[in-house]
Amino acid sequence: MSNFWQTLPKPFFVLAPMEEVTDTVFRRIISSCGRPDVMVTEFTSVEGLASEIGRSKVIHRLQYTPEEQPLVAQIWGITPEHYYQAGVYAREQGFAGLDINMGCPVKKVIKQGACSALIKNPNLASDIIKAAKEGAQDIPVSVKTRIGFGEIQTEEWIGFLLQHNLDALTVHGRTVKELSDYPTHWDEIGKAVKLKNQLSPETVIIGNGDILSYQQGLAMAEQYKVDGIMIGRGVFHNPWIFDPKIDPNDLSTELKVQKLIEHIQLFDQTWGDEKHFAVMKKCFKMYLNNFPGASEIRAKLMSCTTAEECIDILRNI
């Protein structure tokens with residue numbers, strides 16, 4: 001299998017992995033609005049995948065359709081052997097790539113020693129990367145991380161990761177301590193690019209943080225020389241963010257409502273009772289905003305418990 005990262009147009013755009021958001025339904029809906037060049041799954045526990053009972057609880061996170069390719073499976077955990085197994089699984093299931101989460105700042109995850117906690121445990125991080133690459137074999141392996149834990153450590157931490165010949169490295173320009181409460185340090189992302197040029201020229205660098213439009217992404221890619229731009233929360237402000245030809249302010253309320261109905265229907269058809277419908281509610285504001293009565297409609301929808309209730313309200317707008 002070829003390394004798809006090397007064949008993408010530059011700068012390319014990536015839909016960020018977001019917990020309980022970027023499932024197969026969300027990815028397909030966003031693609032119908034404006035297709036990103038690459039998409040990433042929700043992050044999936046390698047420990048969960050390693051056992052039969054655990055796999056039954058997490059496997060839905062890796063559900064996908066061929067139309068979502070190139071799709072990267074993102075994984076997390078603390079056991080190198082389980083990363084090896086996850087690499088084998090990702091390869092066998094036809095994923096275009098495998099991404100290791102070393103950036104999630106959630107406290108309960110950090111307490112396990114996983115994700116961003118690995119910034120403080122480089123020996124384990126190294127073992128994990130090696131095991132994942134061994135299992136993945138010919139599919140590219142990447143890492144998504146931050147620029148430090150309690151303080152900025154770009155040279156030390158990003159430089160360390162670049163010694164592992166990663167196929168791609170996504171740099172979120174904040175420390176773990178900063179969460180999302182501070183402006184992104186794009187100058188540090190630019191520093192990561194310079195480190196890459198010195199240490200691992202073939203590694204693709206993706207910048208992530210505070211990108212709210214396609215045009216802003218292009219500007220940041222040009223200024224800081226990253227190969228790609230990853231957009232997460234920006235998609236909640238504009239589901240059409242990956243199509244530079246569409247100004248969301250020009251879209252009719254009717255079109256936005258119809259897209260939400262489509263989203264709800266696909267969610268219901270795909271998951272049925274497998275997922276609680278409340279998960280869908282965090283997406284309502286993506287479509288219902290910037291028109292008179294939008295907040296009142298959202299309030300009605302938030303009280304709904306089924307897809308049918310929501311669709312009845314939306315069709316009567």
Side-chain angles (χ1 to χ4, degrees), residues 2-18 22 27 30-31 33-40 70-72 74 96-97 99 102-103 140 142-148 152-159 161-162 165-175 178 180-251:
S2 63
N3 180 356
F4 79 94
W5 292 113
Q6 297 295 333
T7 65
L8 296 171
K10 294 180 181 179
F12 54 81
F13 283 78
V14 184
L15 174 62
M18 290 180 280
T22 51
R27 296 191 300 262
I30 293 302
S31 291
C33 294
R35 185 176 179 83
D37 297 295
V38 184
M39 295 187 286
V40 187
L71 180 65
V72 176
Q74 192 183 72
D99 188 74
M102 294 190 181
S142 55
V143 167
K144 183 175 187 290
T145 191
R146 291 177 175 244
I147 55 174
I152 294 174
Q153 305 163 259
T154 305
E155 289 92 343
E156 178 186 353
W157 173 238
I158 301 300
L161 290 175
L162 287 168
N165 298 314
L166 294 166
D167 294 292
L169 176 61
T170 300
V171 182
H172 180 90
R174 295 184 178 95
T175 65
E178 288 173 329
S180 296
D181 300 331
Y182 294 82
T184 302
H185 301 282
W186 271 91
D187 54 332
E188 295 297 324
I189 297 176
K191 193 179 294 182
V193 173
K194 293 177 181 177
L195 286 167
K196 162 251 183 167
N197 291 338
Q198 297 169 10
L199 301 171
S200 184
E202 295 302 312
T203 299
V204 167
I205 298 292
I206 303 158
N208 173 229
D210 293 340
I211 301 297
L212 298 179
S213 74
Y214 192 95
Q215 291 72 22
Q216 183 192 8
L218 289 177
M220 298 306 250
E222 173 64 25
Q223 182 174 351
Y224 295 101
K225 309 304 179 187
V226 293
D227 300 294
I229 295 290
M230 180 176 280
I231 298 177
R233 291 183 300 166
V235 79
F236 282 98
H237 296 275
N238 173 21
W240 290 266
I241 196 169
F242 294 107
D243 188 339
K245 300 184 297 297
I246 295 179
D247 182 341
N249 296 314
D250 295 336
L251 299 177

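Count residues from 1 along the sequence. Only a predicted model underlies this, so the values are computations on that prediction, with no experimental measurement involved.
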Spacing of [X] atom [atom1] and [Y] atom [atom2] [to the nearest 0.5 Å]:
X      : Y      : atom1 : atom2 : value
Ile205 : Asp227 : CD1   : CG    : 7.0 Å
Lys245 : Trp240 : NZ    : CH2   : 14.5 Å
Ile231 : Ile241 : CD1   : CD1   : 4.0 Å
Lys194 : Glu155 : NZ    : CD    : 10.5 Å
Leu161 : Met102 : CG    : CE    : 6.5 Å

Which heavy atom in [X] sits nearest to a heavy atom in [Y], and how many Å separate them?
X      : Y      : answer
Cys33  : Pro239 : CB-O, 3.3 Å
Phe4   : Pro70  : CD1-CB, 3.9 Å
Val171 : Ile189 : O-CD1, 3.6 Å
Met39  : Ser31  : CE-OG, 3.3 Å
Asp99  : Ser142 : OD1-OG, 2.6 Å
Thr154 : Leu195 : O-CD1, 3.7 Å

>> Could you walk me through whether Met220 and Ile211 satisfy the side-chain contact (heavy atoms from CB on, under 4.5 Å) test, starting with their C-alpha distance in whole Å, then the side-chain angles of each, then the deciding distance to 0.1 Å, before giving a yes or no?
In response: CA-CA 9 Å; Met220 298 306 250; Ile211 301 297; 3.7 Å; yes

>> Could you walk me through whether Ile152 and Thr175 satisfy the side-chain contact (heavy atoms from CB on, under 4.5 Å) test, starting with their C-alpha distance in whole Å, then the side-chain angles of each, then the deciding distance to 0.1 Å, before giving a yes or no?
In response: CA-CA 6 Å; Ile152 294 174; Thr175 65; 3.9 Å; yes

Within the side chain of [X], is there an N or O that forms a donor-acceptor pair under 3.5 Å with the backbone of [Y]?
X      : Y      : result
Asn208 : Met230 : yes
Thr203 : Leu166 : yes
Asp37  : Val14  : no
Arg174 : Tyr182 : yes
Gln198 : Gly159 : no

>> The test is side-chain contact (heavy atoms from CB on, under 4.5 Å); show your working for Asp210 and Arg233 and say whether it passes.
In response: CA-CA 8 Å; Asp210 293 340; Arg233 291 183 300 166; 3.7 Å; yes

> Relative to the ring of Phe13, is the ring of Phe242 parallel (under 30°), tilted (30 to 60°) or perpendicular (over 60°)?
Replying inline: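 Rings of Phe242 and Phe13: perpendicular, over 60°.
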
Taking the side chain as every heavy atom from C-beta outward, state whether [X] and [Y] have any pair of such atoms under 4.5 Å apart.
X     : Y      : answer
Trp5  : Val38  : yes
Val40 : Lys144 : no
Leu71 : Arg27  : yes

> Using a distance-only test with no angle check, is there a side-chain donor-acceptor pair under 3.5 angstrom linking Thr145 and Trp157?
Replying inline: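 There is such a pair between these side chains.
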
> Among His185, His172, Arg146, which residue meets the side-chain hydrogen bond (donor to acceptor under 3.5 Å, both in side chains) test with Glu178?
Replying inline: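 Answer after filtering His185, His172, Arg146: His185.
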
>> Around atom CD of Glu202, are there more than 12 heavy atoms from other residues, nucleotides or ligands closer than 6.0 Å?
In response: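 Atom CD in Glu202 is not crowded, with 12 or fewer foreign heavy atoms closer than 6.0 Å.
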
>> Set out, in order, the CA-CA distance, both residues' side-chain angles and the distance that settles side-chain contact (heavy atoms from CB on, under 4.5 Å) for Gln74 and Thr22, then state yes or no.
In response: CA-CA 11 Å; Gln74 192 183 72; Thr22 51; over 6 Å; no

